There are 2 protein chains.
Amino acid sequence: MPGRGPRASSRDAILRVFAEHVADRGYADTSLGDVAAELNLSKGTIVHHFGNKETLLREVHVAYFARRFAEADFVHVHLADPVSRLVAMIYALLAAHRDDRAASLACLRELVRYFDGDLTDYVRKQRVRYTEIVVDILRAGVEQGLLRTPDPQMTALQVFGMCNYAWTWYRPDGPQTVEDIARLFAHDILAGLVPRPGADPELDELVSAAIETVRRAPGRSASDDPGPDHPASGHGAPDDPTSENPGGDRAEPVPTAP
Amino acid sequence: MPGRGPRASSRDAILRVFAEHVADRGYADTSLGDVAAELNLSKGTIVHHFGNKETLLREVHVAYFARRFAEADFVHVHLADPVSRLVAMIYALLAAHRDDRAASLACLRELVRYFDGDLTDYVRKQRVRYTEIVVDILRAGVEQGLLRTPDPQMTALQVFGMCNYAWTWYRPDGPQTVEDIARLFAHDILAGLVPRPGADPELDELVSAAIETVRRAPGRSASDDPGPDHPASGHGAPDDPTSENPGGDRAEPVPTAP
DNA sequence: TGTTGCTGACCGTACGAGCGGTCAGTTAAG
DNA sequence: CTTAACTGACCGCTCGTACGGTCAGCAACA
């Protein structure tokens, strides 16, 4: 127990346990009382720190996407060609299931809560921005003749689906490692399931190399590593979390996924 | 209002409205009182018919899978080769988002409730069986040299993911039709995103033909058509819904998805 | 050095709303 | 008359939230 620590802020701990509960039970079935009890805190303390339950979920979500954006930045810095970047994004999305489990599941389970304007527009912007990163990769690949798709937006949703749906079946102690899964998914979607005579072995190497690049990224494997302070570089978070887009229209012209 | 109809069983109406509420709000946030009010019924009536809330969800789930199994039967009867069958299954899964919206969303949203033994083993068996249908198609394709994947089980999960995740972004009034989406997804996963010189145009025809076959299936377009009484043919439901597998182990060796 | 006063993390209780579920009774069809 | 759909009041419970109060640490001041 924190034992009324000397200014020991319980914020992070509350956020962590709350995310775990949401990941395991879902938002509606997560009780603040249970979270408080697990931390030997009073329910009132949680309210003191965050105000209400919804804010907790929002903070989990914002932090999760900050980590994903930092990851995307890393990918763009260390990998140049669109195909490698796409593989890396697939791997990153799948690896989050293992390395950022609680937040990943919490966000994916409760994803639908961000549709009806329940949560801040900032969260919506994060989702749109993240989707655009992958769409841009696909579009660049098509322009360079390295990829082929008549609708990058739609294909991005396909990629998000095959990765994000993993939360329903992926288990860290399963037979396949995340790297195995990423390699298979990337190969399937890049080379296709229909075999062709002139299948180039270079593709397998490219896939493995891209995965390895991200896997060896600094600040990995430490599961409770909150990641670098996500410097506001290329794909940094849009605007500011505190500013409530005034008069922002609720219409969502382009579907987003992650 | 049904006006205390002549033996007019409200069962189906309750099930329908309940599924819609779960699809829109999720199971935990669905109130039996709200469902009853929408039907001008008393909450007690719902309990009278179904016993409790969990049973309602289970019945929605069982009915949903019965429809999917009937669909899979149709596919196997009318399409012979594994590639066409795979395309048809992709299309069927996507089309359910449009033609069987409420039940699809309800099942996909609350999918995770079937992991911890909350619901009957029968529901679990349905999921496993459905997964096996697609795995078998993939395996047959590999054996006949028409498909290539080192791990049919994993690839099946990939396919389920890209289809089922559509519930998070698909809107019936969106720019693309379900047929467009299915065609794109099928082509992407079959031919791959990396273009190859000798891309055969036959594949596009095969994809379109398979989709068209399922689209023209009898008993379609009538949205509230409960479908044929899913005759217990090849892929019929496993065992009996009422029999509670005694001593069934909770272990789920192979992950399932839909 | 002693004291004073402020800040903020934290507690404990209370409250009101809403939930799933119960049950005795009513109504109408067969 | 029997049966079953249905009602509406009711119970027990859980939850999010509100709020008054406690106490440790710290800084300013005498």
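Here is how names work: the chains are called A, B, and so on, in the same order as the sequence lines, proteins then strands, and each is numbered from 1. Values in this document were obtained by computation on a predicted structure and should not be read as measured data.
Remark: A:E38 engages no residue in a salt bridge (charged side-chain N to carboxylate O under 4.0 Å, His left out) (not counting sequence neighbours). Judged as a side chain to side chain donor-acceptor pair (under 3.5 Å), and not counting sequence neighbours, the contacts of A:T177 are A:D180. Take B:D29 and apply the side chain to side chain donor-acceptor pair (under 3.5 Å) test, not counting sequence neighbours, and it matches A:R113. When the side chain to side chain contact (heavy atoms under 4.5 Å, CB included) test is applied to B:K43, the partners found at least two apart in sequence or on another chain are B:L32. B:R109 pairs by the salt bridge (charged side-chain N to carboxylate O under 4.0 Å, His left out) definition with nothing, not counting sequence neighbours.
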Filtered N/O pairs between nucleotides 12-18 of chain C and protein, under 3.5 Å:
residue: C:dG12; atom: N7; partner: A:S42; partner atom: OG; Å: 3.1

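For B:L41, the listed nucleotide lying nearest its side chain is D:dC6; candidates were C:dC10, D:dC6, D:dT17. Listed candidates were C:dG20, D:dA5, D:dT17. Nearest to the side chain of A:N52 is D:dT17. Of the candidates C:dG20, D:dC6, C:dC10, the closest approach to any side-chain atom of B:K53 belongs to C:dG20.
Between the P atom of D:dC6 and the CG atom of B:L39 lies a distance of 10 Å, rounded to the nearest Å. In this structure, A:L32 places its CG atom 15 Å from P of C:dC10, rounding to the nearest Å. Here the P atom of nucleotide C:dC10 and the CZ atom of A:R11 are 12 Å apart, to the nearest Å. Following rounding to the nearest Å, A:D29 (CG) and D:dG16 (C1') show an atom-to-atom distance of 14 Å. The nearest whole Å value for the distance from the CD1 atom in A:I46 to the P atom in D:dC15 is 12 Å. Remark: P of D:dC15 and CD of A:E54 are 19 Å apart, rounded to the nearest angstrom.
Relative orientation of the B:H61 and B:F65 rings is parallel, given thresholds of 30° and 60° on the angle between their planes.
OP1 or OP2 of D:dC6 has not a single side-chain nitrogen or oxygen of B:H48 nearer than 4.0 Å. Residue A:H49 places at least one side-chain N or O under 4.0 Å from the OP1 or OP2 atom of C:dC10. A:S10 has no side-chain polar atom (N or O) that falls below the 4.0 Å cut-off from OP1 or OP2 of C:dA9.
Of the charged side-chain nitrogens involved, none lies within less than 4.0 Å of a carboxylate oxygen, so that B:D99 and B:R67 do not count as a salt-bridged pair.
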